[in-house]
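Working notes for the structure below.
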Amino acid sequence: MSEKKVSEAIEFRRSVRIFDDKKEIDHKVVKKCVEQAILAPNSSNLQLWEFYHITSNEEVKKIAKACFNQPAAKTAKQFVIPIVRKDLWKRRIASNVAFIQSEFEKSKNKDEKKKKGAISYYQKILPKIYGAGNLRGWANHIATFFKGLNKVVYRQVKKSDMRVVVHKSTALAAQNFLVSMAGNGYDTCTMEGFDSLRIKKILDLPAAAEISMVIGCGIRTKKGIYGARFRVPFDEVYFEK
Ligand SMILES: Cc1cc2nc3c(=O)[nH]c(=O)nc-3n(C[C@H](O)[C@H](O)[C@H](O)COP(=O)(O)O)c2cc1C
């Protein structure tokens, strides 16, 4: 089956609450959609995410139960669970630095200053914000306030701000996944109705990992779409200045 255009995929995507029991989905296609997910833009390219693809019947049942067996979970054929891994920041900084260095080695016109600037961003600036605990985060926040009285400054420096930053990036990747699935004629339902602790236990995740959402996957039934698509009027949310 040929893939839909992006605009068609966006139109096609609905939250499907009842998937067709008789229609299987190919786990290779779902995996390919996860490969598309990780091409999403993300803060400082740290890629502080992981994706768990649940395919075995036994695990699918466990995840459904941890999602209260809500219809979209109970009827799902597979799940994809985007995980937020802020705790991996040191490892991801090292990967970015290694990449910058290897690109520099390959380049013909070596720009030492540009390389140093990029590496310093990863090794000096990012650890200050990703490594900050509650106290240091608040200290950064107050310092930023005073610095920002006369100039433009980056203000999202509290520990809680950084949580938002990594969740944002993971959610963008999740949206890539949803659109990619729709492009392949597959359906999804994004869920936040789940017991996060139980899901973490099932997936054997460390305490610092956070579940972004659980995505049920399958093929829609007619009854699986609960109603017409509702959006508030466009002029309530769109402002041109
Ligand atoms: C973060 C998030 C959490 C959601 N949680 C649930 C959920 O637990 N159960 C559910 O049936 N739908 C859930 N939804 C689906 C929304 O209700 C749905 O996207 C919204 O009503 C718009 O409908 P549409 O997706 O068909 O356009 C969730 C959606 C998002 C983005």
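All ligand and atom numbering here is 1-based and tracks the order in the structure.
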Checklist entry - Going through the distances and angles, do Leu126 and Tyr121 end up as a side-chain contact (heavy atoms from CB on, under 4.5 Å)? => result CA-CA 6 Å; Leu126 289 185; Tyr121 173 71; 3.6 Å; yes
Please say whether the positively charged group of Lys86, taken as NZ for Lys or CZ for Arg, lies over the ring of Tyr130, i.e. under 6.0 angstrom from the six-membered ring centre and within 45 degrees of the axis.
no
Heavy atoms of Gln78 and Val60 approach each other most closely as CA-CG2, 4.2 Å
Note to self: Below 30° counts as parallel, above 60° as perpendicular, anything between as tilted: where do the rings of Trp138 and His141 land?
What the structure shows: perpendicular
Exactly one candidate in Lys114, Glu112, Lys116 meets side-chain contact (heavy atoms from CB on, under 4.5 Å) with Phe104; the answer is Glu112
Pick out the protein N or O atoms lying less than 3.5 Å from any N or O of ligand 1, and list each pair with its distance.
from	atom 1	to	atom 2	distance (Å)
ligand 1	5 (N)	Thr190	O	3.3
ligand 1	5 (N)	Glu192	N	2.9
ligand 1	8 (O)	Gln70	NE2	3.4
ligand 1	8 (O)	Glu192	N	3.3
ligand 1	8 (O)	Gly193	N	3.0
ligand 1	9 (N)	Gln70	OE1	2.8
ligand 1	11 (O)	Arg17	NE	2.8
ligand 1	11 (O)	Arg17	NH2	3.4
ligand 1	12 (N)	Arg17	NH2	3.0
ligand 1	14 (N)	Thr190	O	3.0
ligand 1	17 (O)	Arg17	NH2	3.0
ligand 1	19 (O)	Ser15	OG	3.2
ligand 1	25 (O)	Arg13	NH1	2.9
ligand 1	25 (O)	Arg13	NH2	3.2
ligand 1	25 (O)	Ser15	N	3.4
ligand 1	25 (O)	Ser15	OG	2.6
ligand 1	26 (O)	Arg14	NE	2.8
ligand 1	26 (O)	Arg14	NH2	3.4
ligand 1	26 (O)	Ser15	N	2.9
ligand 1	27 (O)	Arg13	NH2	3.0
ligand 1	27 (O)	Arg231	NH2	2.9

Is the backbone of Ser44 close enough, under 3.5 Å, to the side chain of Tyr122 for a donor and an acceptor to pair up by distance? yes
